[in-house]
Asks: 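Got a structure for you, written out below as structure tokens; questions coming shortly.
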Number of protein chains: 2
Amino acid sequence: MTETLVPVFAALGDETRWSILSALGEGDASASALAGRLPVTRQAIAKHLGVLQEVGLVEPVRVGREVRYRVVGSELAATARRLDAVGALWDRRLAAIKEIAEGL
Amino acid sequence: MTETLVPVFAALGDETRWSILSALGEGDASASALAGRLPVTRQAIAKHLGVLQEVGLVEPVRVGREVRYRVVGSELAATARRLDAVGALWDRRLAAIKEIAEGL
DNA sequence: CGGATGTGCAACTCTAAGGTTGCATTAAGC
DNA sequence: GCTTAATGCAACCTTAGAGTTGCACATCCG
């Protein structure tokens with residue numbers, strides 16, 4: 001269940017990728033366009049877009065000779081749900097332990 | 001807003017740390033105890049517990065001469081909520097763009 | 001057609017992170 | 001008090017990844 005989850009978190013665990021996602025949040029853009037706004041090279045951005053695409057957080061769209069990228073918001077939401085599910089599991093266990101500890 | 005979020009994701013973006021969290025899910029345990037169950041050294045586990053504690057995902061509890069660690073489920077849930085909020089933002093923007101694109 | 005503009009691929013550097021071994025230290029327990 | 005088990009700290013190795021430069025290829029446009 002979590003084997004597909006971990007790479008998503010690894011992808012989200014990088015400051016630069018968040019700024020890319022944030023920039024894409026204001027409108028789809030190509031790697032070159034993003035390179036104009038961010039303090040890194042186009043190739044670095046291309047790599048980041050690669051890993052983001054790999055985990056389904058971003059989607060490429062060919063527009064003429066350029067490749068624009070779009071944020072896949074639903075993937076973010078899905079990840080949040082799965083994370084919440086795990087958290088709920090642990091909370092339930094903690095509650096159960098608490099009951100036991102209180103002598104119930 | 002996201003500056004405290006990224007390290008949490010970085011912490012969750014490691015397979016070993018998930019197995020530690022998973023093991024802790026079945027009951028609080030010390031680094032030495034975990035070393036018995038996982039295919040890594042106690043010191044490696046200690047480091048991982050350090051970064052997990054750093055981002056608030058885990059909490060140390062002294063029991064005699066040993067230090068047991070407990071999962072903080074609420075932090076997981078909080079992270080999930082924040083992530084969901086971001087996803088919702090992007091979804092809303094995408095919906096707005098779709099409306100515009102459809103000539104509304 | 002020819003020059004911009006945009007992508008893709010490859011090699012290279014450098015640092016941080018995961019992991020190890022080794023030793024010092026602290027605290028139970030007999 | 002002395003042994004034993006647990007933790008803490010430090011140095012070290014090794015690899016993955018973030019970033020760069022450089023060049024080749026494709027594609028739009030005047």
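Chain identifiers are assigned alphabetically (A, B, ...) following the order of the sequence lines, protein sequences preceding nucleic acid strands; residue numbering begins at 1 within each chain.
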Asks: What integer distance in Å separates A:Leu49:CG from D:dA18:P?
Replies: 13 Å
Asks: I need the CD-C1' distance between A:Glu15 and D:dG19, as an integer number of Å.
Replies: 16 Å
Asks: Using OP1 and OP2 only, check whether a side-chain N or O of B:Thr41 sits under 4.0 Å from C:dT20.
Replies: yes
Asks: Indicate yes or no: does B:Glu54 engage B:Arg17 in a salt bridge with an N to O separation below 4.0 Å.
Replies: no
Asks: Work out which heavy atom in B:Thr41 is nearest to a heavy atom in B:Ala35; give both atom names and the distance.
Replies: C-CB, 4.4 Å
Asks: Kindly indicate whether the side chain of B:Asp84, heavy atoms from C-beta on, has any atom under 4.5 Å from the side chain of A:Thr79.
Replies: no
Asks: Please report, rounded to the nearest Å, how far the P atom of C:dG18 is from the CG atom of B:Leu12.
Replies: 12 Å
Asks: For a side-chain contact (heavy atoms from CB on, under 4.5 Å) with B:Ile20, tell me which candidate from B:Ile45, B:Val71, B:Asp14 qualifies.
Replies: B:Ile45
Asks: Nearest heavy atom decides the nucleotide; on that basis, is A:Ala10 or A:Val63 closer to the 5' end of DNA chain D?
Replies: A:Ala10
Asks: Tell me which nucleotide among D:dA18, D:dT20, C:dG18 gets nearest to the side chain of B:Asp14.
Replies: C:dG18
Asks: Strictly below 4.0 Å: does A:Thr16 bring a side-chain N or O up to OP1 or OP2 of D:dG19?
Replies: yes
Asks: Could you run through nucleotides 6-11 of chain C and give me one letter per nucleotide, 5' to 3': B if any protein heavy atom sits under 4.0 Å from the base, S if only the sugar-phosphate is that close, - if neither?
Replies: SBBB--
Asks: Could you tell me if the side chain of A:Leu57 sits less than 4.5 Å from the side chain of A:Leu12, heavy atoms only?
Replies: yes
Asks: Go through the side-chain N and O atoms of A:Ser19 and A:Arg37 and say whether any donor and acceptor fall under 3.5 Å apart.
Replies: no
Asks: State whether A:His48 places a side-chain N or O below 4.0 Å from either non-bridging phosphate oxygen (OP1 or OP2) of D:dG17.
Replies: no
